[in-house]
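Read the structure below first, then the notes.
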Amino acid sequence: TMTTRSVCLSSAIALALLAAAPTRAADAGSVIPKLIPQPSQIVQLQGSFVVDAHTAVRAGDGDVVREVGRQFKAMLGDDWPLPLDLSKDGSSQNKILFALDNSRSWASPDAYTLDVDATGVRVLAGSGKGLYYGAVTLMQLLTSGAADAHRVQLPALHIDDAPRFGWRGVMLDSARHFQSVDEIKQLLDAMAQLKLDTFHWHLTDDQGWRLPVPGWPKLTEVGGCRIPAGDGGVDAATGAPVPYCGFYTEAQIREVVAYAASRHIDVVPEVDIPGHATAAISAYPQLGVSGAPIAVSNEWGVNKNLFNADESTMQFLQDVLTQVATLFPGKFVHIGGDEAVKDQWKASPKMQARIRKLGVKNEAGLQAWMVARLENTLTAHGKRLIGWDEILEGKLPASATVMSWRGTEGGIDAVKKGHDVVMTPSDTLYLDYLQTTSADEPPGRPATIPLAQVYAFEPVPKALDAKQATHILGVQANVWTEHMRSMARVQHALFPRIAALAEVAWSPKQDRDYAGFLQRLPAMLPRWQHAGIGYAQTPFQTQPDIQPGAATNTAQVTLQSPLGYTTRYTIDGSAPSASSPQYFAPLQLPLPTTLNAQLFFDQHALAAVTTRQLTAASLLTRSDEQLAMCTGQL
Ligand code: ACM
């Protein structure tokens with residue numbers, strides 16, 4: 001064993017040096033663009049431009065341009081080492097120019113061009129949104145390499161960029177667990193800097209109602225609180241259980257909407273109807289099928305409580321949608337529609353009488369009747385209805401948009417019926433599923449959706465022809481928060497997979513390249529660190545698998561790198577460095593040994609060292625996190 005190991009080590013070092021050589025040469029020249037999402041067109045040219053202490057930013061022509069100039073500086077942060085003075089015009093030889101250009105026609109409001117040549121940088125667009133995205137790209141160019149405090153050398157290039165899809169979304173469930181306005185703003189910033197433009201906000205569910213509605217105060221007073229199952233704790237003075245409560249005030253909602261709008265993100269509010277309605281029915285039992293008092297749910301899963309379809313309940317829902325239309329200026333309103341199991345409607349003589357009176361066929365017909373009523377209300381407010389793919393089970397108004405979550409079949413079906421569709425299949429884009437098999441993953445749904453799987457998602461199914469494909473508005477990732485009590489957990493779930501989503505949503509299909517994406521991804525990590533985003537470390541850390549070795553008093557160690565980045569290790573207690581041995585194949589290590597392992601890209605460590613003390617005793621133990629999970633179906 002020992003002989004084999006030393007052979008492995010020396011060949012590992014040789015390979016590591018070979019791999020390092022071209023990278024060093026590139027570092028000595030100008031920065032390699034590390035852009036996510038990859039632009040639709042990028043042409044590298046001869047020459048370069050050095051951004052230095054004298055470079056000025058000219059973004060003075062009108063409020064829209066001025067705002068982008070300010071936002072560009074804010075993205076770089078107060079601690080960015082170069083002044084990039086906004087107040088000066090800049091010499092013609094050393095400036096960054098932002099300007100609107102309406103002398104050409106742009107592919108979309110999101111489109112922009114960015115040119116770097118020897119005299120400076122020029123960012124042009126036809127709208128504030130496109131110009132903002134140009135600023136995001138320039139920020140990423142400036143932060144693509146190790147910045148020297150005094151200069152950043154940008155390669156000459158031409159970027160002509162526009163997105164593949166107009167709906168580039170993230171859904172956050174604020175019903176199961178509640179996030180603060182500041183936490184949401186931080187997410188909106190990170191979304192905008194990945195050119196994501198739709199924030200779907202899930203505001204009501206069985207476990208909480210987070211939206212104030214005039215005339216219906218108990219929705220938030222009663223429906224906004226639940227007694228947590230398990231370890232919610234008790235009040236020290238009274239001994240009463242401590243409720244889990246929260247809702248957003250109108251002012252807070254307007255604040256979120258305005259913050260999103262200034263970053264060119266539309267907020268799509270969701271009010272789930274007719275299922276996922278327990279919190280609302282707890283507040284107002286007359287909205288439910290039996291009329292009996294119930295409690296806000298503290299269990300996850302599909303709950304059987306549905307709204308009834310009485311005229312008074314339709315009036316209530318009209319009040320809710322009117323409030324939504326007042327608070328949210330965007331085009332779309334999401335009315336849920338998912339998982340409305342019909343047991344209560346089936347068992348209720350009153351609901352059966354309602355079905356007969358309305359002349360609809362069955363319970364699915366009744367849900368379709370409700371959806372049509374809601375669509376009328378939304379249309380009167382100038383809005384468009386969107387719902388989960390279950391709304392296809394009844395006759396659906398032609399203008400309704402379908403969000404395909406039970407795979408992509410619902411989306412295909414909807415397109416064939418002439419509806420617009422947003423793809424968000426649960427087996428690929430539900431980011432509450434774990435992303436690695438690491439023992440360090442937090443609680444979550446026990447199946448994994450690795451980064452590569454998100455990256456490989458194709459929003460336009462093969463079953464659709466080119467004309468039908470125009471009905472695919474775009475793509476969205478969802479984070480359900482049953483198992484995410486804190487924003488830190490939400491961030492862990494979203495990042496880094498949100499970067500793969502961004503590229504799926506933005507970049508041309510033919511340019512999608514996972515290997516290239518992995519070369520660009522490490523540059524995102526310091527940007528997220530700078531923004532205080534707790535992205536998941538697990539994809540960037542190795543998971544040692546330790547078994548008894550073939551020889552006595554040895555261990556066999558397998559080091560997996562979840563994303564395939566280079567694994568380096570030491571067995572002498574020192575921290576691994578870029579010149580430590582590279583891992584290729586299972587190691588046979590003598591006991592006792594301190595194993596330190598770490599993943600590297602481009603000479604830089606990607607996350608903290610993983611340390612294992614290997615002893616005869618440690619080989620015989622497993623922590624419960626290290627036990628394999630019993631994974632069910634998605
Ligand atoms: C859903 O996941 N129930 C839309």
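In each ligand, atom 1 is the first atom listed, and ligand 1 is the first ligand listed. All heavy atoms count here, side chains included; hydrogens, waters and symmetry mates do not. Since this is a predicted model, take the numbers as computed values, not measurements.
Between Tyr433 and Trp480, the ring center distance fails the sub-6.0 Å criterion. Ring centers of Tyr244 and Phe178: at least 6.0 Å apart, outside the cut-off.
With sequence neighbours excluded, the residues that form a side chain to side chain contact (heavy atoms under 4.5 Å, CB included) with Lys357 are Arg354.
Pairs of residues two or more places apart, or lying in two chains, that qualify as ring pair (Phe, Tyr, Trp, His ring centres under 6.0 Å) and include a residue from residues 277-297 are Trp216-Tyr284.
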Please list, one pair per line, the donor and acceptor atoms closer than 3.5 Å that link side chains of residues 391-399 to other protein atoms, with sequence neighbours excluded.
from, atom 1, to, atom 2, distance (Å)
Glu393, OE2, Arg406, NH1, 3.3
Glu393, OE2, Arg406, NH2, 3.2
Ser399, OG, Glu375, OE2, 2.3

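Geometrically, Arg497 does not engage Phe495 in a cation-pi contact, judged by NZ or CZ lying under 6.0 Å from the ring centre and within 45° of the ring axis.
Within 4.0 Å of ligand 1, protein heavy atoms come from Asp338, Glu339, Trp388, Trp405, Tyr430, Trp480.
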